[in-house]
Amino acid sequence: MQSYLEIRVPLRMNAGWFTELKDVLWDVPVRWQNGFHHITIAFLDETPVGVDLRPMLEKHLKGFSAPALTFDKVDVFGKRSGGGVIYLTASNVPESFLTLTKRIREDMEKMGCVIESEFKLHVTLGRVGREAKIGLGGLKRIVEAVEVPAFTLTLTDVDYREFRGRTIYETKLVVK
């Protein structure tokens, strides 16, 4: 089974920088993420049958302070299938968040889960298919021209879900 662990990111769809981003890409066929913004902590390409990750997640997440991330940049990366992903990111990520992510991913792998992708802190904003008449370099130049005023969000909601399926585990991180 494919599954993933995410931490929700409550973006305002009408923020000025987001509106500007959509405006500068008016002639590019972007499939904008319609809400449900999140950071994927781990995408599990395979989870062994009968393995219950909930106790391990509870161990790591119970008592972990909700991270406050300061988002300040939009960028693009290429997809294996072609095209690109337009995303929001943070230049400076708290070490405690990176350590938590690393430990959870390591424990998942110790439990037999297959994780093929590296962790890259990003919030997907939109996707551009390979059929678009703009290359990755051109897309990158347009997107990088949009200035994102730094803003901080405290992230409290964590979900472990089947890929395109049900929620398996959810919790709220403590705000301290």
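This one's a predicted model, so the numbers in the text were calculated from it and none came from an experiment. Atoms considered below: every heavy atom in the structure, side chains included; atoms not considered: hydrogens, waters and symmetry mates.
- Remark: the backbone N or O of Ile168 is not paired with any side-chain donor or acceptor of Glu162 at under 3.5 angstrom.
- Side chain of Asp159 to backbone of Glu6: no donor-acceptor contact under 3.5 angstrom is found.
- Open room surrounds CG on Asn92; 12 or fewer heavy atoms of other groups in view lie less than 6.0 Å from it.
- Side-chain polar atoms of Ser91 and Asp72 form a donor-acceptor pair below 3.5 angstrom.
- With hydrogens and angles ignored, the 3.5 Å screen pairs a side-chain donor or acceptor of Thr89 with a backbone N or O of Leu121.
- At a threshold of 4.5 Å between non-hydrogen side-chain atoms, the residues Phe18 and Val148 do not count as touching.
- Arg105 places a side-chain heavy atom less than 4.5 Å from the side chain of Ile115.
- For the residue pair Arg127/Gln33, the side-chain donor-acceptor check at 3.5 Å is satisfied.
- The minimum heavy-atom distance between Ala68 and Pro94, with the atom names listed, is O-CG, 3.9 Å.
- Side-chain atoms of Lys59 and Asp107, non-hydrogen and from C-beta on, do get closer than 4.5 Å to each other.
- When hydrophobic clusters are built by joining Ile, Leu, Val, Met, Phe, Trp and Tyr residues whose side-chain heavy atoms come closer than 4.5 Å, directly or via intermediates, Val114 is not grouped with Leu53.
- At least one side-chain heavy atom of Met56 sits less than 4.5 Å from a side-chain heavy atom of Met111.
- Taken to the nearest 0.5 Å, the OG atom of Ser3 stands 6.5 Å off from the CE atom of Met108.
- In this structure, the side chains of Ser96 and Pro67 stay at 4.5 Å or more apart for every pair of heavy atoms.
- Using cut-offs of 30° and 60° on the angle between ring planes, the pair Phe77 and His122 is perpendicular.
- Ile41 and Val9 end up in the same hydrophobic cluster when Ile, Leu, Val, Met, Phe, Trp and Tyr side chains are linked at under 4.5 Å.
- In the hydrophobic clustering of this structure, Phe64 groups with Leu155; members are Ile, Leu, Val, Met, Phe, Trp, Tyr whose side-chain heavy atoms approach within less than 4.5 Å, directly or through other members.
- For Tyr4 and Tyr160, the gap between ring centers reaches or exceeds 6.0 Å.
- Two residues are said to be in side-chain contact when any heavy atoms from C-beta on lie closer than 4.5 Å; Met13 and His37 meet this criterion.
- Between Leu61 and the choices Thr171, Val174, Ile7, the side-chain contact (heavy atoms from CB on, under 4.5 Å) rule is met once, by Thr171.
- Side-chain contact between Glu147 and Trp17 is absent, with no heavy-atom pair separated by less than 4.5 Å.
- With Val76 as the partner, the side-chain contact (heavy atoms from CB on, under 4.5 Å) test is satisfied by one option alone out of Val85, Leu125, Leu136: Leu136.
- Look at Glu106 and Lys110 and you find no salt bridge, because none of the NZ, NE, NH1 or NH2 atoms lies under 4.0 Å from a carboxylate O.
- Put simply, the side chain of Leu153 reaches to within 4.5 Å of the side chain of Phe71, judged on heavy atoms.
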